[in-house]
Colleague: 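Pasting a structure below so you can have a look.
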Amino acid sequence: MSILSEWAGDLAALFFPPVCPVCGGPLVRGEHAVCTLCRATAPLTGFWAEADNPVLRKFWGRVPVVRASGFLFYVHGSGWRRAIHAFKYRGAWRLARALGEWYGASLCGSGLYGDVDVVVPLPLHPFKRMSRGYNQAEYIAEGIAVQLGVGVDRRSVRRSRNTASQALKPRRERADNVENAFAVRHPGRLAGKHVLLVDDVMTTGSTLIACIEAVVHAVPDCRVSVAALAVSRHELGVKE
């Protein structure tokens, strides 16, 4: 970094000091995206280091999944929930990418995801993506892919139906809401590969299951793993 750019950064921080999206406190020099204290106290799951864990079990008997993990527990009313909403609804895509890198470093360090060939973000329907301006799962996927040393495929899997938000649906209706909502348009690009499917928040798992069904139907010789940035402790039956 040049002296001029460092000075410009210090000047910008003076008038627009960066804050931690979790606690709202100021970020000091050397802190990236989230402050040191919030990182140290984050509700991490540890599932990325467990070959058998509650996230993987969510898919048992439903779709074939090699590995599955969640990084954070999605805690209602917490600062981490606000941080997730910041990149999900309020354009904080840099935060999504930074959290993806943190997650990706953990996946890489576990040794369980070393044979992943490509990272695929869960797609949004084009209308929804246009309305929001971006797909937060793509930025999480970018951060993960950098740490795993693989590429991101944003084109092979698409959302073919513009479904209503899962958050607005009762639990019993979520599977029907996303049935046949995904399609694969470039199956040859995924053939024979280990695909890591990335989502921001997993609750019932219905959306991921629908996407995996489409992928394995179109590309039967690929293997699929799942990485969700945040997961519901309640849905997984995990006690505090």
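Note: hydrogens, waters and symmetry copies are ignored here, and every other heavy atom, side chains too, is used.
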Colleague: What distance separates Cys211 SG from Asp199 CG, expressed to the nearest 0.5 Å?
Modeller: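 Output value for this atom pair is 9.0 Å.
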
Colleague: By ring-ring contact (aromatic ring centres under 6.0 Å, His included), which residues pair with His85, not counting sequence neighbours?
Modeller: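 Per chain and number, His85 pairs via ring-ring contact (aromatic ring centres under 6.0 Å, His included) with Tyr89.
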
Colleague: If you draw a 6.0 Å radius around CZ in Arg155, do more than 12 non-hydrogen atoms from other residues or ligands fall strictly inside?
Modeller: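 No, the 6.0 Å shell around CZ holds no more than 12 heavy atoms from other groups.
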
Colleague: Might you point out which heavy atoms bring Gly70 and Trp48 nearest each other, and give the distance in Å?
Modeller: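 Closest heavy-atom pair between Gly70 and Trp48: O-CE3, 4.0 Å.
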
Colleague: So, taking the atom named CZ in Phe47 and the one named CG in Leu112, what distance separates them when rounded to the nearest 0.5 Å?
Modeller: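 Between atom CZ of Phe47 and atom CG of Leu112 there are 13.5 Å.
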
Colleague: Could you check whether any side-chain heavy atom of Cys23 comes within less than 4.5 Å of a side-chain heavy atom of Leu37, counting everything from C-beta outward?
Modeller: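 In short, these two side chains do not touch, never coming nearer than 4.5 Å.
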
Colleague: State whether the side chain of Ser160 and the backbone N or O of Ala181 hold a donor-acceptor pair below 3.5 Å, judged by distance alone.
Modeller: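 Yes: the side chain of Ser160 pairs with the backbone of Ala181.
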
Colleague: Begin from the C-alpha positions of Cys222 and Val215 and carry the test side-chain contact (heavy atoms from CB on, under 4.5 Å) through to its verdict.
Modeller: CA-CA 8 Å; Cys222 81; Val215 171; 3.7 Å; yes

Colleague: Write down the atom of Val34, the atom of Cys20, and the distance for their closest heavy-atom approach.
Modeller: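 Here Val34 and Cys20 meet closest at CG1-SG, 4.0 Å.
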
Colleague: What closest approach, in Å, do Val55 and Ala68 show between heavy atoms, and which atom pair accounts for it?
Modeller: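 Between these two residues, the closest heavy atoms are CG1-CB, 3.8 Å.
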
Colleague: Quick check on the hydrophobic clustering: are Val116 and Val219 connected, directly or via other members, by side-chain heavy-atom contacts under 4.5 Å?
Modeller: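 Different hydrophobic clusters.
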
Colleague: So with a 6.0 Å cut-off around NE2 of His186, is the heavy-atom count from everything else above 12?
Modeller: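 Yes, because the 6.0 Å sphere around NE2 of His186 holds more than 12 heavy atoms from other groups.
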
Colleague: Output the rest of the hydrophobic cluster of Tyr139: all Ile, Leu, Val, Met, Phe, Trp and Tyr residues reachable through side-chain heavy-atom contacts under 4.5 Å, sorted by chain and number.
Modeller: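 Once heavy-atom contacts under 4.5 Å are chained together, Tyr139 belongs with Trp93, Tyr134.
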
Colleague: Please check if the side chain of Arg39 supplies one atom and the backbone of Glu31 the other of a donor-acceptor pair under 3.5 Å.
Modeller: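 Checked: no pair found.
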
Colleague: Any non-hydrogen side-chain atom of Val231 less than 4.5 Å from a side-chain atom of Phe73?
Modeller: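 Yes; the side chains approach each other to less than 4.5 Å.
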
Colleague: Do Val119 and Leu122 land in one hydrophobic cluster if side-chain heavy atoms of ILVMFWY residues count as linked below 4.5 Å?
Modeller: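 No.
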
Colleague: Phe71, Val66: one ILVMFWY side-chain cluster at the under-4.5 Å cut-off?
Modeller: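 Hydrophobic grouping puts Phe71 apart from Val66.
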
Colleague: So which atom in Pro123 and which in Asn135 form the shortest heavy-atom distance, rounded to 0.1 Å?
Modeller: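 So the minimum-distance heavy-atom pair works out to CA-ND2, 3.8 Å.
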
Colleague: Are side-chain heavy atoms of Leu196 and Leu148 found at a separation under 4.5 Å?
Modeller: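 Of all side-chain heavy-atom pairs linking Leu148 with Leu196, at least one is under 4.5 Å.
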
Colleague: For Glu142, give me all partners under salt bridge (charged side-chain N to carboxylate O under 4.0 Å, His left out), at least two apart in sequence or on another chain.
Modeller: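 For Glu142 the salt bridge (charged side-chain N to carboxylate O under 4.0 Å, His left out) partners, ignoring immediate neighbours, are Arg97, Arg154.
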
Colleague: Take Tyr113 and Val150 through the side-chain contact (heavy atoms from CB on, under 4.5 Å) test and state the conclusion after the steps.
Modeller: CA-CA 11 Å; Tyr113 296 80; Val150 299; over 6 Å; no

Colleague: Taking it one step at a time, do Arg57 and Asp52 satisfy side-chain contact (heavy atoms from CB on, under 4.5 Å)?
Modeller: CA-CA 7 Å; Arg57 292 174 210 151; Asp52 176 16; 2.9 Å; yes

Colleague: Do Arg159 and Phe182 come close enough that some side-chain heavy atom pair is under 4.5 Å?
Modeller: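 They are in contact (side-chain heavy atoms under 4.5 Å apart), so the answer is yes.
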
Colleague: Return the SG to CG distance between Cys38 and Leu27, rounded to the nearest 0.5 Å.
Modeller: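 It is 9.0 Å, given to the nearest 0.5 Å.
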
Colleague: Begin with the C-alpha distance, continue with both residues' side-chain angles, and end with the deciding distance and a verdict on side-chain contact (heavy atoms from CB on, under 4.5 Å) for Trp60 and Arg62.
Modeller: CA-CA 5 Å; Trp60 281 0; Arg62 305 173 78 177; over 6 Å; no

Colleague: What's the spacing between Met202 CE and Leu236 CG if we round to 0.5 Å?
Modeller: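 It is 5.0 Å, given to the nearest 0.5 Å.
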
Colleague: Is there side-chain contact between Val118 and Val195, with at least one heavy-atom pair below 4.5 Å?
Modeller: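 With C-beta onward as the side chain, the pair touches.
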
Colleague: Donor-acceptor pair, Arg233 side chain versus Lys239 backbone, under 3.5 Å?
Modeller: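 Side chain of Arg233 to backbone of Lys239, a donor-acceptor pair under 3.5 Å: yes, one is there.
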
Colleague: For Glu235 and Thr204, does a side-chain donor sit closer than 3.5 Å to a side-chain acceptor?
Modeller: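 Checked: Glu235/Thr204 side chains show no N/O donor-acceptor pair below 3.5 Å.
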
Colleague: Would you compute the distance between atom CG of Asn53 and atom OG1 of Thr45 and round it to the nearest 0.5 angstrom?
Modeller: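 Spacing of CG (Asn53) from OG1 (Thr45) equals 7.5 Å.
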
Colleague: State whether the side chain of Asp200 and the backbone N or O of Ala137 hold a donor-acceptor pair below 3.5 Å, judged by distance alone.
Modeller: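 Flag not set: sc Asp200 to bb Ala137 has no pair under 3.5 Å.
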
Colleague: State, yes or no, whether a side-chain contact exists between Phe87 and Leu229 at a heavy-atom distance under 4.5 Å.
Modeller: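 Phe87 reaches Leu229 side chain to side chain.
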
Colleague: Under a single-linkage definition using a 4.5 Å side-chain heavy-atom cutoff for Ile, Leu, Val, Met, Phe, Trp and Tyr, are Ile212 and Leu190 assigned to the same hydrophobic cluster?
Modeller: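 Result: yes, single cluster for both.
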
Colleague: Does some side-chain heavy atom of Pro43 sit less than 4.5 Å from a side-chain heavy atom of Ser78?
Modeller: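 Side chain of Ser78 against side chain of Pro43, heavy atoms only: no contact under 4.5 Å found.
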
Colleague: If I take atom CD from residue Glu138 and atom CZ from residue Arg129, how far apart are they, to the nearest 0.5 angstrom?
Modeller: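 Between Glu138 CD and Arg129 CZ, I get 4.5 Å after rounding to 0.5 Å.
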
Colleague: Write down the atom of Ala83, the atom of Leu95, and the distance for their closest heavy-atom approach.
Modeller: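 Result for this residue pair: O-CD2, 3.5 Å.
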
Colleague: Search all heavy atoms of Ala218 against all heavy atoms of Pro187 and return the closest pair with its distance.
Modeller: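 That closest heavy-atom pairing would be O-CB, 4.0 Å.
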
Colleague: If hydrophobic clusters are built by linking Ile, Leu, Val, Met, Phe, Trp and Tyr wherever their side-chain heavy atoms come under 4.5 Å apart, do Val75 and Ile84 end up in the same one?
Modeller: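 No, Val75 does not connect to Ile84 through the hydrophobic network.
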
Colleague: Is there a donor-acceptor contact under 3.5 Å linking the side chains of Tyr103 and Ser69?
Modeller: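 The answer is yes; a qualifying pair exists.
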
